[in-house]
Each structure stands twice: as C-alpha cells, then as structure tokens.
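Contents: one structure, followed by commentary.
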2 protein chains.
Amino acid sequence: MITQDQDTLSQKWEVLLSQAGYRITRPRRAILDIVAESSRPLTPLEIYDKVREDNPGVGLVTIYRTIEKLEELHLVSHVHHLGECQTVFRCPDSHQHLLICTKCGSSRYFDGLEVEEQFNQIGEKLGYQVTGHWLQLAGLCEACRGKQQSKG
Amino acid sequence: MITQDQDTLSQKWEVLLSQAGYRITRPRRAILDIVAESSRPLTPLEIYDKVREDNPGVGLVTIYRTIEKLEELHLVSHVHHLGECQTVFRCPDSHQHLLICTKCGSSRYFDGLEVEEQFNQIGEKLGYQVTGHWLQLAGLCEACRGKQQSKG
DNA sequence: TCCTTATTGATATTGAATGTCAATATCAAC
DNA sequence: GTTGATATTGACATTCAATATCAATAAGGA
Ligand SMILES: [Mn+2]
Ligand SMILES: [Mn+2]
Ligand SMILES: [Zn+2]
Ligand SMILES: [Zn+2]
C-alpha cells in the first residue's frame, strides 16, 4: 500500500520533459504544478505571481521559457480570451475546443465533431478550401450561474 | 449624369463618424480608405505604412485613435489570426464569422447559422449556459489555390 | 470669417516579451 | 558518492508596440 502512483498531470509532464532531454528543476516544477492544476487559462504574469508565492526568487523569464517547452511538447497551448491573447492552458490529447466561463474563466474541452463536419461545406460555398478552424464558446459555468441567481 | 454617388464604404464611414460628432481630417480619411478597401485584416503598423505612402506626416498614434473610433461605431473589429492579435477588419452589418486565406489573408464573412444552432446544446452537456462564441475558419482562397497548383 | 474644441504629431513613458551572460544546478557517466 | 559537461537560472539590458501628455493646428458650426 505504499505505492502512491498518483499520476498527477504535472507528474506526467515532468516525465515528458525529462524524456525530451529537459531537466527538472525547482522553479520548473513549481510552474508545472500551477499550470497543470489550473482550471482556467493563465497569463505568464499570473503564473509568475502564483509561483512566487512559494518560490520568491523565480524570475519572469523562467516562466516564459518553461511555457515555451510545454508548448513545444503540445502540453499547453495559447488561448485568446477577452482582452488576453497570451494565456496558456493545458491541452487535451486530441484536437478539441474550449468552452470558457466568462465570469471565472473555468474551462472545459469538447470535441465539436458535430459542427466540424460542416466547415468544409461552408468554405466551398465561398470558394475556399478549408484547412483549419478556430472555435471557442463562452458561457457561464454552473458555479457562477448559481451565484448569479442568488442575487436576483 | 454628374451624380456620382459611388457610396464607397469609406464614404459611408465618413458620414457615420461625422454624425457621431467626429471630424473628418486628411489623415483620418486616408486611414478610412485603406481599412475600408482592404480585403484582409491589417495590423496598425501595416495601416501606418500604407497611409504614409501618400501621407508621410501621419503619426502612428493617429492610426490607433482612428481605429478606436471605428471600433466604437462597430465598423471594424479586431481579428486574431496567426501570430497577429491586433489586426482590424471591416465588420459586416449583422453577426458573422470570418474565413481567412492562410496564404494571402483575403477574408470573407459567413453567417454560420447551421453550426450556431448547436452551440447551446454543446454547452448544456458540459453544464455551461452558452452566451457567446468565436468561430473562424482558415483555408486557401481560389487565387492562392491556383498559384499552388501551377507549382506541382 | 470667427471661435470653440476636436485632432494631430512630437515627445516621453509604459510594460510585456526577448536577448545576453556569468553563476548555478542537474543528471548521466563513472 | 563524485565528477563534469551543459542545461538552466535570474539579474540586467534591450526591444518595440501601445499608451500618455501637451502645445500647435485644423475642422466645422455659428
Ligand atoms: Mn476543431
Ligand atoms: Mn456567430
Ligand atoms: Zn464560472
Ligand atoms: Zn489567398
């Protein structure tokens, strides 16, 4: 019963970084933890602030460099949301799309196969050969909907 | 036959700016012309360079300020495409979505009603109340497809 | 034409993102 | 456990788009 294979997402990421030839350091580990466990997209500065709560020495460059590597390994991707164009959020294994709460930012993925089917046809009508798409939904999560109601 | 009511988009925009209490100046007119006639989203710097071809004195700030007003009147909106997050493109009258050529940037709008119908359902499945969406297609326009073929 | 005031562009400033580099830490090899 | 090549770090400097300031100018209603 000592086997405690929690298999956290950040633990998986550590392995993958390692396998890719990157070293696991204290600052890097702190960044992984925060990004992997976040339920919403974070800006580099948000990550920076959160990391420094427990690791005051870490520099902002380290945040950018770690994000770079996570992106390279397709573990996180950039998300455009509201004013922010540089937020980063964990990737799903396959190609999926985000549904983001406009109030708290908490995000979920969905595949959206039902709508993707129609993208080629839409393109054809306009004389374009569709090669990619960008779909993102915004809304209110259950938690935020609850809070809103209790104010009415 | 002297009536030459061309009713250019930029002319319409001038009227609307005027009606909104803004003044029509030479720099501003030059910006309107370029933005209104562009078949693809432009960055502030691209607009700046194009404007200065004929109006060397115009400053970059003026570009930003004019974009600000066009945006306020819902005549243009920001487009995120490739690395660029600040490009601006003319708006359609109603809510529509962009289909952008990945090679030359030329863009078309489509309504996408057939897919929008399904967004609420997608949200419900995940416990979200969908209030907005962001859909953008990328592909190759006819012209760019032609060029590509001739290389094969 | 006059006059209020919106607009302009030169100038300065901000701040996120990136480049540089000596000191340091990692981790594979021993 | 020790060693050593080198990946990583953070302080520091730099870049550059975006924003702020402000006196001079120009728009356009009266
Ligand atoms: Mn998709
Ligand atoms: Mn829509
Ligand atoms: Zn929420
Ligand atoms: Zn094209």
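No hydrogens, no waters, no symmetry mates; every other heavy atom, side chains included, goes into these values.
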Nearest 0.5 angstrom please: [X] [atom1] to [Y] [atom2], how far?
X	Y	atom1	atom2	result
T66(A)	I47(A)	OG1	CD1	9.0 Å
F110(B)	Y128(A)	CZ	OH	11.5 Å
Y22(B)	E68(B)	OH	CD	8.5 Å

Q) Has K69(A) got more than 12 heavy atoms of other residues, nucleotides or ligands less than 6.0 Å from its NZ? A)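 Correct, the count exceeds 12.
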
Whole-Å distance between [N] [atom2] and [X] [atom1]?
X	N	atom1	atom2	result
R28(A)	dT24(C)	CZ	P	19 Å
I67(A)	dT9(D)	CD1	P	13 Å
I63(B)	dG9(C)	CD1	C1'	12 Å

Q) Between residues 38-56 of chain A and DNA chain D, which residues have a heavy-atom gap below 4.0 Å? A)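 Nucleic-acid contacts, sorted: none.
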
Q) Heavy atoms, side chains only, cut-off 4.5 Å: are C101(B) and S107(B) in contact? A) no

Q: Scan residues 8-34 of chain B for pairs that pass salt bridge (Lys or Arg N to Asp or Glu O under 4.0 Å), counting only residues two or more places apart or in two chains.
A: E14(B)-R29(B)

Q.
Can you confirm if the aromatic rings of H133(B) and H95(B) lie within a centre distance of less than 6.0 Å?
A.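 Here the rings of H133(B) and H95(B) have centres that are less than 6.0 Å from each other.
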
**Q.** Centroid-centroid under 6.0 Å between W134(B) and H81(A) rings
**A.**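 Ring-ring flag for W134(B)/H81(A): false, centres at least 6.0 Å apart.
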
Q) Which parts of residues 14-26 of chain B get close to DNA chain C, meaning a heavy atom less than 4.0 angstrom away? A) Y22(B), R23(B), T25(B)

**Q.** S38(B): partners by side-chain hydrogen bond (donor to acceptor under 3.5 Å, both in side chains), with sequence neighbours left out
**A.**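 For S38(B) there are no side-chain hydrogen bond (donor to acceptor under 3.5 Å, both in side chains) partners, ignoring immediate neighbours.
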
Q: With sequence neighbours excluded, tell me which residues meet side-chain contact (heavy atoms from CB on, under 4.5 Å) with A30(A).
A: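 Listed in chain order: V51(A), N55(A).
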
What pairs of nitrogen or oxygen atoms, one from the protein and one from nucleotides 18-21 of chain C, lie under 3.5 Å apart?
none

